[in-house]
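Data block below; observations after.
Model, not experiment: these values are computed from the prediction. Hydrogens, waters and symmetry mates are skipped; everything else that's a heavy atom, side chains included, is used.
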Amino acid sequence: MPTFHGYASAWLQAKIDGTIGDRPIDANTEADYRWRLRKHLLPAFAKYRIDEIDAAACRAFKATKLKEAAELRAAIDAGARIRDRGGRQARPLAPNSIRKLIACLAAILDEAIEDGFIDRNPARGRRMRVKVPKPPRTFLEMYELVALTDAADAQDVQPVRVAKAHLD
C-alpha cells in the first residue's frame, strides 16, 4: 500500500504526462498542483498510507485550514505584519483556495479508488464542502449608464477640418 506522498507524486507525474486526464496539464497548472501538495497536502498526509486516510483525517485537515486562515486574518486585521519564510507579507487562504485544496485531495483519492487501493473517497461528501461567498457584484443603474454615455459623448472631440491653402 503506497503512502500518500508516493501516490500523490505518481499522480502528479501522470497529470503532467497526460495519462490521467484528457491531455497533459500546462506549466501553470503543474506549478499550482506542486504548491498545493508541497505547502498544504503533504504536510498533513505524507506519511499516511492511502488506506489510512479516512473521513476524520479529511475533516481535520479542512478544520485546520479554516482555523489557520481565520487566525491569520484576525491577526492581520489587528495590525500584525506577518511575513512568510520568503519575507513576503503572509495572506490567509481564501475559502475558495481551501475548497481547491480539498478538491485536489479528492482527485488524488479518486484515482486511488480507480487503482483499487480504497473503496470510497473520504474527501468527498457534504461535510467536506467549503462555502465560498459570492463576490459583490457592481453594476450600473440605467440612469447611471445614461449619464456615463452622455459624459463620454461630451468628451468626444469632433475632428477639426483644416482647409488647404493654395499657394501659387
Side-chain angles (χ1 to χ4, degrees), residues 8 11-45 55 58-111 113 121-168:
W11 172 85
L12 180 58
Q13 190 59 54
K15 294 290 279 182
I16 293 166
D17 296 341
T19 56
I20 294 177
D22 56 352
R23 60 179 162 50
I25 58 175
D26 64 22
N28 288 337
T29 303
E30 177 187 346
D32 184 44
Y33 281 150
R34 285 188 189 283
W35 175 82
R36 290 179 200 185
L37 287 165
R38 185 182 71 254
K39 181 87 171 144
H40 299 284
L41 294 172
L42 290 178
F45 297 106
C58 293
R59 285 193 307 269
F61 173 76
K62 173 187 166 186
T64 298
K65 292 300 165 186
L66 290 170
K67 182 180 177 189
E68 288 172 356
E71 288 173 351
L72 184 54
R73 194 170 292 110
I76 291 170
D77 289 347
R81 292 183 179 255
I82 302 169
R83 302 282 176 187
D84 65 12
R85 291 181 188 177
R88 296 175 302 237
Q89 185 173 350
R91 295 184 334 201
L93 284 175
N96 193 43
S97 295
I98 296 170
R99 185 178 56 96
K100 287 178 181 180
L101 291 174
I102 294 168
C104 185
L105 173 62
I108 294 167
L109 295 177
D110 281 343
E111 291 302 319
I113 293 171
N121 191 334
R124 296 218 183 269
R126 194 173 39 84
R127 291 182 180 176
M128 290 303 296
R129 292 185 190 138
V130 175
K131 184 176 181 179
V132 177
K134 290 186 178 185
R137 301 285 184 207
T138 57
F139 57 91
L140 296 175
E141 295 292 340
M142 186 54 76
Y143 73 91
E144 293 171 316
L145 180 60
V146 169
L148 181 65
T149 56
D150 288 347
D153 283 342
Q155 287 187 348
D156 285 343
V157 177
Q158 294 297 326
V160 177
R161 296 182 188 249
V162 178
K164 290 184 181 180
H166 293 287
L167 299 174
D168 291 325

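Here the CD1 atom belonging to Ile82 is positioned 5.0 Å from the CG atom belonging to Leu72, to the nearest 0.5 angstrom. Separating the CD atom in Glu68 from the NZ atom in Lys65 is a distance of 4.0 Å, to the nearest 0.5 Å. Arg99 contributes atom CZ, which lies 13.0 Å from atom CE of Met128 (distance to the nearest 0.5 angstrom). Atoms CG and NZ, on Leu93 and Lys39 in that order, are 8.5 Å from each other to the nearest 0.5 Å. Distance check: Ile102 CD1 to Ser97 OG gives 11.0 Å after rounding to the nearest 0.5 Å. Annotation: the span from Leu12 atom CG to Lys15 atom NZ amounts to 9.5 Å, rounded to 0.5 Å.
Taking all atoms of both residues into account, the shortest heavy-atom contact from Asp17 to Pro24 is O-CG, 3.7 Å. Taking every heavy atom of both residues into account, Ala69 and Pro92 meet most closely at O-CB, 3.4 Å. Of all heavy-atom pairs between Ala90 and Ile76, the closest is O-CD1, 3.4 Å. The shortest heavy-atom contact between Asn121 and Ala106 is ND2-O, 2.8 Å. Shortest non-hydrogen contact noted between Phe61 and Ala44 is CD1-CB, 3.6 Å. Pairing each heavy atom of Trp11 with each of Cys104, the nearest pair is CH2-SG, 4.0 Å.
Residue Arg73 qualifies as enclosed at atom CZ: its count of foreign heavy atoms under 6.0 Å is above 12. The 12-atom threshold is exceeded at CZ of Arg83, counting heavy atoms of other residues, nucleotides or ligands nearer than 6.0 Å.
Remark: the backbone N or O of Arg129 is paired with a side-chain donor or acceptor of Lys62 at under 3.5 angstrom.
Ring geometry, Trp35 versus His40: the interplanar angle exceeds 60°, so the pair is classed perpendicular (tilted spans 30 to 60°).
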**Report entry** Verdict with supporting geometry, Leu109 and Arg124, side chain to side chain contact (heavy atoms under 4.5 Å, CB included)
**Finding:** CA-CA 9 Å; Leu109 295 177; Arg124 296 218 183 269; over 6 Å; no
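Ion pair Arg36/Asp32 flagged as a salt bridge, since at least one NZ, NE, NH1 or NH2 atom sits closer than 4.0 Å to an Asp/Glu carboxylate oxygen.
The side chain to side chain contact (heavy atoms under 4.5 Å, CB included) with Leu37 is formed by just one residue from the set Leu105, Leu101, Ile108; it is Ile108.
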